[in-house]
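Quick note: numbers below take in every heavy atom, side chains included, and nothing from hydrogens, waters or symmetry partners.
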Amino acid sequence: PGFRIGLHQKDLGLALAGLNFVVAQPLDDFRRSGQVAVGLTGFAVVALDRSGSLGLRIDGAYMMYDSDYRGYGITTSSSIGSLALGPQITLGQGPMRPYGFATLGGSLFWTSVSDDSYCGCYDSDVFFLNDRFTTATQLGTGLLITVSRGHTPVAIDLGVREVRHAQVRYVPAGGITENPDGSLTVERVETPVRLRVFQVGVSVGI
């Protein structure tokens, strides 16, 4: 689930860029092994025609689907990072404009243990328990609401996208167990990962 803020390229010039807060709902197999994820998405759209209705979207995202503080300065977290690009179509010329996009790219799933158990005076030691690459596709739609035109126009972007990550091996939410001797037992599963992402953010013309 998520929202994003964006502008029409005709208002913006050659490109726009923005940063969004996102919330992702797990679907299908990931619903049984993941949790609601939160994170950030950064994007840029470069106009491919004079009207700005057709653009090239470059999209990068970071989401965390599991995090647990285990005491004594030890924290475990599981995250997803992705980078993708593809076409975006924006319709209309008024203050409210619908848009849609599709992207193809890659994603990385990783789980880490952070140990800050000494005195908090030094940087944490971070240990990676799992990291796997896979491919990712997105289909998204939304509505652009212009709030400022001027030299650097700004718009609010309310949108939703569906993200599909191909088969990947990852640590599920709650998949790390601490043993009596202080060691960790790590579970891993392998499934496709599907998310419905809602976003809200701000974008500016470049």
Test item: [X] and [Y] side chains (from C-beta on) under 4.5 Å apart, heavy atoms:
{"X": "P26", "Y": "V36", "result": "yes"}
{"X": "F43", "Y": "I58", "result": "no"}
{"X": "T75", "Y": "S67", "result": "yes"}
{"X": "I176", "Y": "D68", "result": "no"}
{"X": "Q88", "Y": "T103", "result": "no"}
{"X": "T141", "Y": "V160", "result": "yes"}
{"X": "P192", "Y": "R164", "result": "no"}

What are the two closest heavy atoms between [X] and [Y], and how far apart are they?
{"X": "Y65", "Y": "S79", "result": "CE2-N, 3.9 Å"}
{"X": "T41", "Y": "A61", "result": "OG1-CB, 3.7 Å"}
{"X": "L158", "Y": "Y99", "result": "O-OH, 4.3 Å"}
{"X": "V202", "Y": "V154", "result": "CG1-CG1, 3.9 Å"}
{"X": "V45", "Y": "G55", "result": "CG1-CA, 4.1 Å"}
{"X": "V171", "Y": "S78", "result": "O-OG, 4.0 Å"}

Under 4.5 Å between side-chain heavy atoms, hopping through other hydrophobics if needed: is there a path connecting [X] to [Y]?
{"X": "L104", "Y": "L56", "answer": "no"}
{"X": "L143", "Y": "L139", "answer": "no"}
{"X": "V147", "Y": "M96", "answer": "yes"}

Item to check | F109-H165 aromatic ring centre distance below 6.0 Å | outcome: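 Centroid distance F109-H165: below 6.0 Å, so yes.
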
About how many Å separate [atom2] of [Y] and [atom1] of [X], when rounded to the nearest 0.5 Å?
{"X": "R97", "Y": "S53", "atom1": "CZ", "atom2": "OG", "result": "11.5 Å"}
{"X": "T111", "Y": "D131", "atom1": "OG1", "atom2": "CG", "result": "9.0 Å"}
{"X": "L48", "Y": "L54", "atom1": "CG", "atom2": "CG", "result": "4.5 Å"}
{"X": "L195", "Y": "L27", "atom1": "CG", "atom2": "CG", "result": "6.5 Å"}
{"X": "T76", "Y": "D66", "atom1": "OG1", "atom2": "CG", "result": "6.0 Å"}
{"X": "Q25", "Y": "E162", "atom1": "CD", "atom2": "CD", "result": "10.0 Å"}

Checklist entry - Is it true that the NZ or CZ of R161 lies under 6.0 Å from the centre of F101's six-membered ring and within 45 degrees of the ring axis? => result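 No cation-pi geometry.
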
Next on the checklist: Can you classify the ring geometry of W110 versus Y62 as parallel (below 30°), tilted (30 to 60°) or perpendicular (above 60°)?
Outcome noted: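 Correct class here is tilted.
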
Checklist entry - Are a donor atom and an acceptor atom from the side chains of S77 and S112 found within less than 3.5 Å of each other? => result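 There is such a pair between these side chains.
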
Next on the checklist: For a quick check under 3.5 Å, do T134 and R169 share a side-chain donor-acceptor pair by atom type?
Outcome noted: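 The answer is no; no qualifying pair exists.
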
Which residues pass the salt bridge (charged side-chain N to carboxylate O under 4.0 Å, His left out) test with [X], sequence neighbours left out?
{"X": "R188", "result": "none"}
{"X": "D29", "result": "R32"}
{"X": "R132", "result": "none"}

Next on the checklist: Taking atom CD1 as the centre, does I89 end up with more than 12 heavy-atom neighbours from other residues, nucleotides or ligands that are less than 6.0 angstrom away?
Outcome noted: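 Count not over threshold, so no.
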
